[in-house]
Amino acid sequence: MGKKISEHVTWVGKVDWELKSFHGNELSTKRGSSYNSYLIRDKKTALIDTVWQPYDAEFVARLSEEINLHDIDYIVMNHNEIDHSGALPELMREIPDTPIYCTKKGEAIIRGHYHKDWNFVNVKTGDTLSLGDTSLTFVEAPMLHWPDTMFTYMSGDNILFSNDGFGQHFATESLYNDAVNQDELYYEAEKYYANILNLYSSFATKKINEILAMNLPLDMIAPSHGVIWKNNPAQIVKKYLAWADAYQENRITIVYDTMWNSTRTMAESIGAGIEKADSDVKVKLMNAAKDDKNDILTEIFRSKAVLVGSPTINYGFSYAIGGLLEMIKGLKFKGKKAAAFGSYGWSGDAPKQISDKLAEAGFEIVAEPYKALWVPDEKAIEACRAYGESFVKALDNDAEEGKDAMVSAGGGKYVCPVCGYVYDPAEHDGVAFEDLPDDWKCPICKVSKSKFEKQ
Ligand code: FEO
């Protein structure tokens, strides 16, 4: 059954209470999710997005209870990852000639996924589609979080259909933001941002400011996952602006793995040292092999600093720490400080290797890697506490020096407007972006140097 959300709009999506992982196993979704689809009935009728493929037949069957499918004049696809476009083939079997409004990149993605020659209408920012008393305005939002993404604003009912933006993997029958547990809702919204959107924060800031500058009346933000922001929709916009701006709280997260509890003992002792030095800072310890990786990344996103520890195994670090470091690198957290530690028996390579990986991921390393031989005794435990205390002091001491170093590192960072890759001179032996050859290209998507924007 559809649920009416405004004069002209009915929610016709699917709540997926069972979903426990997303993007394969890359993202945990412990509170389920939903695939929100919206049916707009004015003089003309438009469907905004569909649902994930496993629910395609159910979606089309329920939609046909809501409306004669042949009465749908337009399909609008804001983003074409399979969780939103997956039911298109089933739907298009019924109404194969219905025009699909999407960005040019959206068309390429749909064609790449489903290999069908449907009736595509490419739209770009500012294009409008009149439905009668209401109309749709399209706003391209590339890299939030795919190249094809766009938002659709509906005048009249004043709804922004934002697809993944402002979404949460959060199953609820209640639909609206004020009808659910606020702690759970905001945790899922933040986890979503930290794990999916953080990499594209510069795009988020720019797009939100662009939309705010349009001064559009806004009664609801209707994303494609989770609740609809109906009660004070500006609250999630403000959160996004904060999250996109190198977000951090007065928190330090200690992430570790351990084989025989020596590195765990180090982590706990370092944590005690941090607490002794600064009782205001919230310290959290998480075991990379036992705790949920996406919860760990969310804690790192919130933190001003992290310590990452692993025993040395096979002259390197553990599997769990390795996977986490790769995810940390990909998400490109900004403005965070770090150090590494771990126990060892002979070579003791892991802390230095972790420290290098954190530096490569953009963390400012404020303390030398720290290691302890075999099982820490009382003296080693005390030394770990002292390391924790000195880490807290290094966070403050190095702040200005760190900034100076960034400024002097060759004219600052530049960001690729297409894929979000950030050129940081500090990661390229201090070579300024301006000094790169003119034919230099983005190493990820091959966009030319001239298209890069100063960060
Ligand atoms: Fe919810 Fe990017 O798909």
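The first residue in the sequence is number 1, and the count goes up from there. Numbering of ligands and ligand atoms starts at 1, following listing order. Computed from a predicted model, the values in this text were never measured in an experiment.
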Qualifying residue, where the test is salt bridge (Lys or Arg N to Asp or Glu O under 4.0 Å) with Glu299 and the options are Lys282, Lys293, Arg251
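Output: one option passes, namely Arg251.
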N/O/S atom of His79 under 2.8 Å from atom 1 (Fe) of ligand 1, yes or no?
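Coordinating: no.
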Nearest to atom 2 (Fe) of ligand 1, which N, O or S atom of Glu81 do we find?
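So the atom name we want here is OE1.
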Validation row: Arg31, Tyr187 side chains within 4.5 angstrom (heavy atoms):
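The answer is yes; the side chains approach within 4.5 Å.
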Side chains of Ile270 and Phe341: does their closest heavy-atom pair fall under 4.5 Å?
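Contact flag for Ile270/Phe341 side chains = yes.
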Among the N/O/S atoms of Asp164, which is closest to atom 1 (Fe) of ligand 1? Give the atom name.
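That would be atom OD1.
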If the cut-off is 2.8 Å, does any N/O/S atom of His84 fall short of it from atom 2 (Fe) of ligand 1?
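Short answer: no, not a single N, O or S atom is under the cut-off.
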Is the distance from atom 2 (Fe) of ligand 1 to some N, O or S atom of Asp83 under 2.8 Å?
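False for Asp83.
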Just checking, is any N or O donor in the side chain of Asp16 or Tyr55 under 3.5 Å from an acceptor N or O on the other one?
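There is such a pair between these side chains.
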Just one of Arg41, Lys3, Lys4 clears the side chain to side chain donor-acceptor pair (under 3.5 Å) bar with Thr10, so which one?
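Testing Thr10 for a side chain to side chain donor-acceptor pair (under 3.5 Å) against Arg41, Lys3, Lys4 leaves exactly one candidate, Arg41.
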